[in-house]
Amino acid sequence: MIPIWDAKYSINNDEIDAQHQKLFELARKAYIYANKNISKDDMKGIIGEFFEYMKEHFSKEELYMEQICYPRLEEHSKIHKDIINSMSNLIRTTKNINEMKENLVVIAEKWLLEHILQNDVKIEEWRRLKVLNLQKDPKKDEIKYKYVCGCQNKIHNISKTVHDRILQGKKYSCTICNQLIKIKD
């Protein structure tokens, strides 16, 4: 059964949360249609609506993750691509209405909702920890050193504490490209 949207799934972004709520509604609609006697054209309509909305949502969610410097953006984007590919394959390869219904429910439940409930909530967990870390003692550990890695046009804003550790020989790598960060010239 498809769960109902709950505020505990929030990622603390009104636009993304509203989109997640809509995706829950579309998943519920898909589940209802999968258990009704409907035409293949009607089923293709709900799949198409779901597919288009997911693409739009994933694009906006990735932009949000980029804005907050979410370190697992690349990994998360790959999951989005896998979901879109699964949906695309469903549309292209399904031979009959019953198979279409079954596959849509699997995508709605397993891929999409599990993705929101397990992966998207990690975005908020990370954002909240980032905010808490920045608020602990801003005067003691101001961000002021600029470092670079192998990512194109990426600047890491490093605290004095971390900068001092690097000077003492500690190694820090970028969470995206896995290359060591070094002070910007």
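Counting from 1, the numbers follow the sequence of the chain as shown.
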- Derivation and outcome, side-chain contact (heavy atoms from CB on, under 4.5 Å), residues I155 and V148: CA-CA 5 Å; I155 303 291; V148 294; 3.9 Å; yes
- Quick one: ring-ring contact (aromatic ring centres under 6.0 Å, His included) partners of Y147, sequence neighbours excluded? H163
- Query: Cluster question for you: counting only ILVMFWY and a side-chain heavy-atom cut-off of under 4.5 Å, with indirect links fine, are Y64 and I116 together?
  - Reply: no
- Task: Locate the shortest heavy-atom distance separating I166 from Y172; write the atom from each residue and the value.
- Result: CG1-CD1, 3.4 Å
- Item | Between D17 and S10: side-chain donor-acceptor atoms closer than 3.5 Å | yes
- Task: Determine, using the 4.5 Å side-chain heavy-atom cutoff (strictly less than), whether V121 and M54 are members of one ILVMFWY cluster.
- Result: no
- Count the heavy atoms of every other residue, nucleotide or ligand shown that sit under 6.0 Å from CG of N85, and state whether that count exceeds 12. yes
- Note on the structure: Residues at least two apart in sequence or cross-chain that pass ring-ring contact (aromatic ring centres under 6.0 Å, His included) with H80, listed by chain then number, are F58, H76, H115
- Task: Take atom CD of Q152 as the centre, draw a 6.0 Å sphere, and report whether it contains more than 12 heavy atoms from other residues, nucleotides or ligands.
- Result: no
- d(N103 CG, S86 OG) to nearest 0.5 Å is 9.5 Å
- Task: Please test I32 against R28 for side-chain contact (heavy atoms from CB on, under 4.5 Å), starting from the C-alpha separation and ending with a verdict.
- Result: CA-CA 6 Å; I32 290 167; R28 183 169 297 290; 4.1 Å; yes
- Task: Identify the heavy atoms of H156 and C149 that sit nearest to each other, and give their distance.
- Result: NE2-SG, 3.2 Å
- Is N12 close to R128 at the side-chain level, that is, under 4.5 Å between some pair of heavy atoms? no
- Would you confirm whether the ring centroid of F24 sits within less than 6.0 angstrom of the ring centroid of Y9? yes
- Message: Nearest 0.5 angstrom please: E102 CD to N96 CG, how far?
- Response: 8.0 Å
- Task: Find out whether E99 and T93 are in side-chain contact, i.e. whether some heavy atom of one side chain is under 4.5 Å from a heavy atom of the other.
- Result: no
- Would you mind reporting whether L104 and I46 have side-chain heavy atoms less than 4.5 Å apart? yes
- Item | CD1 on I84 to CD1 on I79, rounded to 0.5 Å | 13.0 Å
- So do E15 and K60 actually touch side chain to side chain, heavy atoms under 4.5 Å? yes
- Item | Salt-bridge contact K55-E52 (side-chain N to carboxylate O under 4.0 Å) | yes
- Query: Is it the case that more than 12 heavy atoms not belonging to K154 sit under 6.0 Å from its NZ atom?
  - Reply: yes
- Side-chain heavy-atom pair K101, Y33 within 4.5 angstrom cut-off: no
- Item | Heavy-atom pair with the smallest gap, counting every atom of F51 and S88 | CE1-N, 3.9 Å
- Which atom of D120 lies closest to which atom of I11, heavy atoms considered: O-CG2, 3.2 Å
- Query: Are V162 and I183 linked, directly or through other ILVMFWY residues, by side chains that come within less than 4.5 angstrom of each other?
  - Reply: yes
- For the residue pair I158 and K146, establish whether any side-chain heavy-atom pair is separated by less than 4.5 Å. no
- Should we say atom CD of E66 is surrounded by more than 12 heavy atoms from elsewhere, each under 6.0 Å from it? no
- Item | Any L23 side-chain heavy atom under 4.5 Å of H57 side chain | yes
- Closest contact, heavy atoms only, F50 versus A108: CE1-CB, 3.8 Å
- Answer yes or no: is there an ion pair linking R127 with E124, defined by an N-O contact shorter than 4.0 Å? yes
- Message: With heavy-atom distances below 4.5 Å as the criterion, would you say the side chains of Y70 and R72 are in contact?
- Response: yes
- Task: To the nearest 0.5 angstrom, please state how far the CD atom of E61 sits from the CG atom of L73.
- Result: 10.0 Å
- Between atom SG of C151 and atom CD of E74, what is the distance when rounded to the nearest 0.5 Å? 8.0 Å
- Note on the structure: Nearest heavy-atom contact between C174 and I181 is N-CG2, 4.0 Å
- Answer yes if M65 and L117 sit in the same cluster of Ile, Leu, Val, Met, Phe, Trp and Tyr residues linked by side chain heavy atoms under 4.5 Å apart, and no otherwise. no
- Can you tell me how far the CD1 atom of I123 sits from the CD1 atom of I16, to the nearest 0.5 Å? 8.0 Å
